[in-house]
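These notes are about the structure you will find just below.
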Amino acid sequence: MALFGLHDHNIIALDKAFPETKFNARGNRVKLTGPAEEVETASKVIEGMLELLNRKSKVAEGDVNTLVNLKSGESTASKPQIRTLDETGDTIIHTHNGEAITAKTPGQRRIVKSSSDNDIVFAIGPAGTGKTYTSVALAVQALKNRKVRKIILARPAVEAGENLGFLPGDLKEKIDPYLRPLYDALEDMIDRDRLELHLTKNVIEIAPLAYMRGRTLNNAFVILDEAQNATNTQMKMFLTRIGFNSRAIITGDITQTDLPHRQQSGLISIQKILQDIDGIDFVYLGEEDVVRHKLVRDIINAYEKFEEKKKK
């Protein structure tokens, strides 16, 4: 059950991914029948599931979908080369539970490589592609390896169609919900006691984008998350904070801007402004990099088709 999933959900996922191949699972054996090329690819996916099971207590359906979509390239037009999760790139860090965090998709691997080659990286792509999680992992890696002295995580405090100003509490209590995804990622990678210590001593700082004005960020790994909600002025302000021995990753999804209609997203315009500067790189992720529920990929595709129809 750990490998095949509850009620054989993982086998069903494989069956959908490889429609010409028949999967017959009995006991601890799986028999594959179908076209040679598809059977070979499906076999590599199952091998990847077995390797993943050696590191985890079970294989989730999302892991299966990720393995199916991990392609290092096409050897032929119809024969994808599937890699296991561990082969998709070097391990970035290990969580406090000992689990390896790796770049799981081609887009995430590009973020890792680009961050090692450039001081400022823009990671642009749809929801569920692991932009924030990969960026936070790289920041924690840099801190653990003493490449930087602190981590600074920032987000624009823009409401997604809701007015939260009436909520009770002080300023921190009102702002924390906007920053919760960053806390969640950090809690996966750093044990609670050490994380609390880092936050108390400002070794790790999580703050709204507006708090960056007037500062110079030296010896830091800086992440601006949800950057599609930063205005042109805010984007310029943030980028000019970067100091000596600092790196920055700016993540965002330009299709989900929550700014008022008359305000242009700084993440959209910045692509033309900084595209030819050495040391700055743009990494674009697509629906093939989605590592959330398989329906997220279908939802993204449906919205893209809808927008295309509207334009026509």
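Positions are given from 1, in the same order as the sequence printed here. Computed from a predicted model, the values in this text were never measured in an experiment.
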Flag side-chain contact, heavy atom, 4.5 Å: L14 against M49: yes
Side chains of E38 and T21, donor plus acceptor under 3.5 Å: yes
Heavy-atom donor-acceptor pair, D253 side chain to T255 backbone, under 3.5 Å: yes
ILVMFWY network linking I277 to V222, side-chain heavy atoms under 4.5 angstrom: yes
Residues N202 and E205: side-chain donor-acceptor under 3.5 angstrom: no
Worked verdict on R180 versus E187 for salt bridge (charged side-chain N to carboxylate O under 4.0 Å, His left out): CA-CA 10 Å; R180 188 68 247 175; E187 287 171 357; 2.9 Å; yes
Donor-acceptor pair, side chain of S115 and main chain of V112, under 3.5 angstrom: no
Single-linkage hydrophobic cluster I152~Y211, side-chain heavy atoms < 4.5 angstrom: yes
From OG1 (T251) to CD1 (I223), nearest 0.5 Å: 7.5 Å
Spacing of L199 atom CG and R194 atom CZ [to the nearest 0.5 Å]: 12.5 Å
Q264 and T257, any side-chain heavy atoms less than 4.5 Å apart: no
Side-chain heavy-atom pair M235, I250 within 4.5 angstrom cut-off: yes
Note, N232 side chain near S265 side chain (heavy atom, < 4.5 Å): no
pair F244-T216: side-chain heavy atoms closer than 4.5 Å: no
Straight-line distance of E226 CD to L267 CG, nearest 0.5 Å: 10.5 Å
Note, L32 side chain near I46 side chain (heavy atom, < 4.5 Å): yes
Main-chain N/O of I120 paired to N118 side chain as donor or acceptor, under 3.5 Å: no
Side chain to side chain contact (heavy atoms under 4.5 Å, CB included) assessment of N245 paired with N218: CA-CA 6 Å; N245 190 39; N218 295 319; over 6 Å; no
Side-chain heavy atoms of I280 within contact of F122, under 4.5 Å: yes
Y133 and D188: side chain donor to acceptor below 3.5 Å: yes
D117 atom CG: more than 12 heavy-atom contacts under 6.0 Å: yes
Check: K131 side chain, P126 main-chain N or O, donor-acceptor pair, under 3.5 Å: yes
